[in-house]
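Source: prediction; values computed, not measured.
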Amino acid sequence: LGDSITEGAMASRPENVFHQVAARLLGLGAAYNCGIGGTRIARQRGVSADTRCDLDLTLRAERLPQDAEFAVVFGGTNDFGHGDAPFGEAGDHTVDTFCGACNCLLDKLCAQFGAENVLAMPPLHRVGEENPFGDGCKKQAGKPLRAYAEAFLAAAKAHGVHTLWLWESAFDPNCSEGAARFAADGLHPNDEGHRLLGERVAAYLRGL
C-alpha cells in the first residue's frame with residue numbers, strides 16, 4: 001500500500017518494482033501492487049486536479065486484497081510534498097491530520113492483518129526535504145520531511161507493527177552518489193534503487 005514509488009514510477013518494467021523484487025527473493029506466491037501515484041496518508045481539505053490523488057492510504061486500507069497475508073505500507077512523502085492536511089499531534093485519531101491519519105491507517109491494518117503481519121516504511125530522503133513548503137505548492141509553511149517520517153515511525157511503534165527505517169541508508173538523492181545511482185529525479189527510485197529497496201525489504205521480512 002503506497003504512492004507512486006509503490007506504483008512503480010521510474011521503474012522500467014513492473015517486475016522491477018521493489019515489492020516484486022522482494023517477492024522473488026522470498027519465493028512468495030504474489031505481491032499485490034496497491035500503489036497510486038500522488039496519494040497521501042492523510043485526508044485532504046481540497047480536491048486535487050487528479051482525483052486519484054485524493055484516494056488516501058487510510059481510505060484504501062479498507063480495500064486491500066482479502067487473501068493477502070501480510071501488509072506493507074510505504075508512504076508519507078506526498079503529505080510533506082503537497083498535502084494540505086495539518087500535521088497534528090501524536091495522540092490524534094482523525095484522518096484529517098497527518099499524525100491522526102497514521103494512527104487510523106495502522107488501526108485498520110492491524111484489525112485486518114494483525115500487528116505481527118504489518119510492516120510500516122516511513123518515507124525515503126528526497127531533494128528539497130527541508131523546504132517548509134514541500135514541493136513549493138503548499139500555501140502554508142510546514143515541517144520538514146524527517147518530521148513526517150519520524151511521526152509515522154512513532155505511530156508504527158505505538159501500534160506494535162514492524163518498521164523498516166531507511167533514513168540512514170543509501171537512498172539519499174541529496175548526495176551525488178545517491179542521485180546518480182538510485183533516484184535520478186530526486187525522489188523516485190530507478191531500477192537500481194528499486195532493486196536495492198527490494199533487497200532491504202526481503203532481508204527484513206526474512207529475518208522475521
Margin query: Do H19 and T6 pair up side chain to side chain, a donor and an acceptor below 3.5 Å, judged on atom types alone?
Written below: no

Notebook entry, point to check: Is the CZ atom of R13 crowded by more than 12 outside heavy atoms at less than 6.0 Å?
Noted result: no

Next item on the list: Salt-bridge test for E129 and R126: reply yes if a basic N is under 4.0 Å from a carboxylate O, no otherwise.
Entry: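 A salt bridge is absent here (no side-chain N lies under 4.0 Å from a carboxylate O).
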
Check: Taking NZ, NE, NH1 and NH2 as the nitrogens, is one of them in R52 or E7 under 4.0 Å from a carboxylate oxygen of the other?
Finding: yes

Can you tell me if [X] uses its side chain to pair, donor with acceptor, with the backbone of [Y] under 3.5 Å?
| X | Y | result |
| --- | --- | --- |
| R60 | L55 | yes |
| N117 | F113 | yes |
| Q44 | A42 | yes |
| N190 | R181 | yes |
| H125 | W167 | yes |
| D92 | E89 | yes |

Between [Y] and [X], is there a side-chain heavy-atom distance shorter than 4.5 Å?
| X | Y | value |
| --- | --- | --- |
| H194 | I5 | yes |
| T39 | L57 | yes |
| I41 | D56 | no |
| V72 | Y204 | no |
| K138 | N131 | no |
| D3 | P123 | no |
| R45 | P86 | yes |
| M10 | F182 | no |

Taking [Y] as the starting point, is it possible to reach [X] by hopping between hydrophobic residues whose side chains are less than 4.5 Å apart?
| X | Y | answer |
| --- | --- | --- |
| L208 | L109 | no |
| L64 | V118 | yes |
| L196 | L166 | yes |
| I36 | F152 | no |
| M121 | L26 | yes |

Checklist line | Stepwise side chain to side chain contact (heavy atoms under 4.5 Å, CB included) test for V127 and N174 | finding: CA-CA 6 Å; V127 168; N174 298 293; 4.1 Å; yes

So, taking the atom named [atom1] in [X] and the one named [atom2] in [Y], what distance separates them when rounded to the nearest 0.5 Å?
| X | Y | atom1 | atom2 | result |
| --- | --- | --- | --- | --- |
| Q140 | F133 | CD | CZ | 9.0 Å |
| R63 | Q112 | CZ | CD | 13.0 Å |
| R195 | E199 | CZ | CD | 4.5 Å |

Note to self: Check the orientation of F70 and H162. Use parallel for under 30°, tilted for 30 to 60°, and perpendicular for over 60°.
What the structure shows: parallel

Can you name the closest pair of heavy atoms from [X] and [Y] and give their distance?
| X | Y | result |
| --- | --- | --- |
| F87 | K143 | CD2-CE, 3.3 Å |
| H93 | C104 | C-SG, 3.8 Å |
| A151 | F98 | CB-CE2, 4.0 Å |
| T77 | L145 | CA-CD1, 4.0 Å |
| G81 | C137 | O-SG, 4.2 Å |
| C110 | V161 | SG-CG1, 3.5 Å |

Margin query: Before you tell me yes or no, could you show the steps for F80 and R146 under side chain to side chain contact (heavy atoms under 4.5 Å, CB included), namely the whole-Å CA-CA distance, both residues' side-chain angles and the distance that decides it to 0.1 Å?
Written below: CA-CA 9 Å; F80 158 78; R146 179 158 188 144; over 6 Å; no

Note to self: Against R40, only a single residue in D54, D96, D84 fulfils salt bridge (charged side-chain N to carboxylate O under 4.0 Å, His left out); can you say which?
What the structure shows: D54

Next item on the list: Go through the steps for L124 and F74 under the test side chain to side chain contact (heavy atoms under 4.5 Å, CB included), then give the verdict.
Entry: CA-CA 9 Å; L124 303 171; F74 184 26; 3.8 Å; yes

